Amino acid sequence: MIDKMRRDIHYLRLSVTDRCNLRCAYCMPADGVERMSHADILTFEEIEHLMRLLALLGVRRVKVTGGEPFVRRGTPELIRKLKRLPGIEQVTVTTNGILLKDHLDEIVCAGADGVNVSLDTLNRENYRRLTGADDLNRVLESVTAAAAALPVKLNVVPMRGVNEGELEGLAAMAKRDVVAVRFIELMPVGRAKRFAHLDTASVKAALEARFGAMEPCDDRLGNGPAAYFRLPGFSGRIGFIHAMSEVFCEGCNRVRLTADGRLMPCLGRPDFTDMKGLLRGGASGRALLAALERGIAEKPARHGFLDEARCAGRDMNEIGG
Ligand code: SAM
Ligand code: SF4
């Protein structure tokens, strides 16, 4: 649907859980989150109900996210159901990769259109330090297995003093295995404010120094604001998401539904519509549709990342990235 800024909103990031099997230092507290109880999160039936309505409003593409989507039992089955909904053209998943290999056959059978794997380092010790788990090899095995079955993109968040020496190695994954390696500027959400982001220009300069000049390419590889480039000798692409250094809100096409049923029109603003409350309060389909429509129409003109007071006060695992 078209929002009040005349943007075509057709992409939904659907968080199915706030729980995670990792503790990425910029995303999750080291001792985990105060977990929402099962009663607090939307059931798959509730999600399906809202998704049918969102599809009526023009949502065509869904990214299943979290927390870690594969820690919630039944996520592959949810993907299968989403894929069957009238109007939904594409369902993809964002995962840390730990459980991806175990669920790969199921999500391929369910009709998943692709997977994004988040990986910020290829150094085992650094991975353990950053995530709290000694599971780098499992993730790499998942990436290899998934790349043989589905389009795979790697998401990397470059951070000063954390992984800045490793970006060339991560980019090299796009030489053959994965369709794209995307560098996402760290957004100051929750505990990420303790880390310093590395801007796209610095990352690009480091990659060009190592691999040669980048050529912009027009390929539409995803749903979002990533700009893609080709590096000499690479079969995959390098993508950049300038979440901080350029405001991309003008072209934003997305809204979010959190695990506890909040429709959030913007990652960088605290405003939401409590869809769970309405659903469980017995709202009719028509009333739910009207609430979704209002929530989307009111999407703010721009995020509040540069405006501390207006930023969403939640950590990223609760919102879904
Ligand atoms: N657990 C899954 C994963 O890691 O892919 C899905 C949820 S995670 C919140 C989604 C994405 O958000 C990951 O790629 C993660 O690196 C990214 N992310 C988390 N906090 C971020 C921040 N402050 N700024 C930019 N990206 C962030
Ligand atoms: Fe978990 Fe993903 Fe957040 Fe890491 S980035 S703690 S894997 S939700």
Side-chain angles (χ1 to χ4, degrees), residues 13-33 35-36 62-72 75 92-100 103 107 114-121 126-133 135-136 138-139 142-143 146 152-160 162-163 170 178 180-200 203 222-226 239-245 248 254 256-259 264 267-268 303-306 311-321:
R13 291 187 69 94
L14 172 66
S15 174
V16 294
T17 179
D18 65 327
R19 300 183 189 190
C20 189
N21 47 1
L22 290 186
R23 298 284 176 267
C24 300
Y26 59 89
C27 179
M28 248 314 180
D31 49 358
V33 282
R35 305 194 308 194
M36 294 174 196
V62 185
K63 176 81 76 196
V64 177
T65 177
E68 171 51 37
F70 291 118
V71 303
R72 181 161 178 186
T75 290
T92 52
V93 193
T94 289
T95 170
N96 59 32
I98 307 259
L99 299 173
L100 172 61
H103 293 289
I107 65 166
V115 58
N116 290 11
V117 180
S118 304
L119 183 59
D120 299 316
T121 171
N126 211 10
Y127 183 90
R128 200 190 52 69
R129 213 176 304 126
L130 191 62
T131 67
D135 277 328
L136 176 63
R138 267 178 95 168
V139 179
S142 280
V143 170
V152 175
K153 293 181 203 149
L154 230 58
N155 286 346
V156 181
V157 179
M159 288 164 282
R160 238 173 246 294
V162 175
N163 59 359
L170 285 155
V178 300
V181 175
R182 293 132 40 99
F183 294 93
I184 306 174
E185 284 180 341
L186 182 76
M187 293 169 253
V189 175
R191 68 203 44 254
K193 290 178 195 154
R194 302 172 193 176
F195 290 81
H197 83 277
L198 253 180
D199 62 25
T200 291
V203 177
N223 300 305
F240 296 100
I241 301 182
H242 324 70
M244 300 303 297
S245 56
F248 48 49
R254 61 192 56 195
R256 294 173 162 76
L257 186 63
T258 64
M264 292 186 73
L267 176 63
H303 67 59
F305 290 134
L306 305 172
C311 255
R314 306 176 104 191
D315 281 322
M316 199 65 107
N317 70 291
E318 295 174 282
I319 312 171

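Start at 1 and go down the list; that is how both ligands and their atoms are numbered. The figures that follow rest on heavy atoms only: side chains count, while hydrogens, waters and symmetry mates do not. Not measured: the values here are computed from a predicted model.
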Heavy-atom contacts with N96 under 4.0 Å: which atoms of ligand 1 show up? List them by number with element.
2 (C), 3 (C), 5 (O)
If the cut-off is 4.0 Å to any non-hydrogen atom of G67, which atoms of ligand 2 fall inside it?
8 (S)
Find out whether N96 and F70 are in side-chain contact, i.e. whether some heavy atom of one side chain is under 4.5 Å from a heavy atom of the other.
no
Spacing of L136 atom CG and N126 atom CG [to the nearest 0.5 Å]
10.0 Å
Below 4.0 angstrom from a heavy atom of T95, which ligand 1 atoms are there? Numbered from 1 as shown, please.
2 (C), 3 (C), 5 (O)
Sole residue of R191, M187, K193 in side chain to side chain contact (heavy atoms under 4.5 Å, CB included) with V189
M187
Would E185 count as a contact residue for ligand 1, given that I'm defining contact as a non-hydrogen atom of the residue lying under 4.0 Å from a ligand atom?
yes
Would you mind running through ligand 2 and noting each atom that sits below 4.0 Å from a heavy atom of C27?
3 (Fe), 5 (S), 6 (S), 8 (S)
Would G66 count as a contact of ligand 2 if the rule is a heavy atom under 4.0 Å away?
no
Taking both backbone and side-chain atoms of Y26, is any N or O found less than 3.5 Å from an N or O belonging to ligand 1?
yes
Would the distance check show the side chain of D135 and the main-chain N or O of I98 forming a donor-acceptor pair, the cut-off being under 3.5 Å?
no
Any N/O/S atom of C24 sitting less than 2.8 Å from atom 4 (Fe) of ligand 2, backbone or side chain?
yes
Between the side chain of R19 and the main-chain N/O of M36, is any donor-acceptor distance below 3.5 Å?
yes
Got a second to check how far T92's OG1 is from R13's CZ, nearest 0.5 Å?
8.0 Å
Do any nitrogen or oxygen atoms of I184 lie less than 3.5 angstrom from nitrogen or oxygen atoms of ligand 1?
no
If only atom types and distance count, is the side chain of E185 paired as donor or acceptor with the main-chain N or O of H197 below 3.5 Å?
no
Any R182 side-chain heavy atom under 4.5 Å of N116 side chain
yes
Consider ligand 1: state whether an atom of it lies below 4.0 angstrom from any non-hydrogen atom of G67.
yes
Any N/O pair T65/ligand 1 closer than 3.5 Å
no
Those atoms of ligand 1 less than 4.0 Å from some heavy atom in A192:
23 (N)
Numbered in order shown, the ligand 1 atoms found under 4.0 Å of a heavy atom of E68 are 1 (N), 2 (C)
Under 4.0 Å from a heavy atom of M28: which atoms of ligand 2 are those, numbered in the order shown and with their elements?
6 (S)
Min side-chain heavy-atom separation V162-L198 under 4.5 Å:
no
Out of C20, A25, S15, indicate the one that has the non-hydrogen atom closest to atom 1 (Fe) of ligand 2.
C20
D120 N/O under 3.5 Å from ligand 1 N/O
no
Which ligand 1 atoms, with their elements, are less than 4.0 angstrom from a heavy-atom of M187?
22 (C), 23 (N), 24 (N), 25 (C)
Value for CG (L186) from CZ (F195), rounded to nearest 0.5 Å, stands at 8.0 Å
Candidates V139, T95, N96, N21; heavy atom nearest atom 7 (S) of ligand 2 found on N96
Would you mind listing which atoms of ligand 1 come within a distance below 4.0 Å of any non-hydrogen atom of N155?
14 (O)
Report yes if some heavy atom in the side chain of T94 is under 4.5 Å from a heavy atom in the side chain of S118; otherwise report no.
yes
Here's a test for you: under side-chain hydrogen bond (donor to acceptor under 3.5 Å, both in side chains), which of T17, T75, N21, T95 qualifies with E68?
T95
Against heavy atoms of V157, which atoms of ligand 1 measure under 4.0 Å?
16 (O), 26 (N)
Under the side chain to side chain contact (heavy atoms under 4.5 Å, CB included) test against V62, which residue among L14, L257, V93 passes?
L14
Mode of T94 contact toward ligand 1 - side chain, backbone, both, neither (heavy atoms, under 4.0 Å):
both
Per-atom filter on ligand 1: closer than 4.0 angstrom to a heavy atom of L186 are 22 (C), 23 (N), 24 (N), 25 (C)
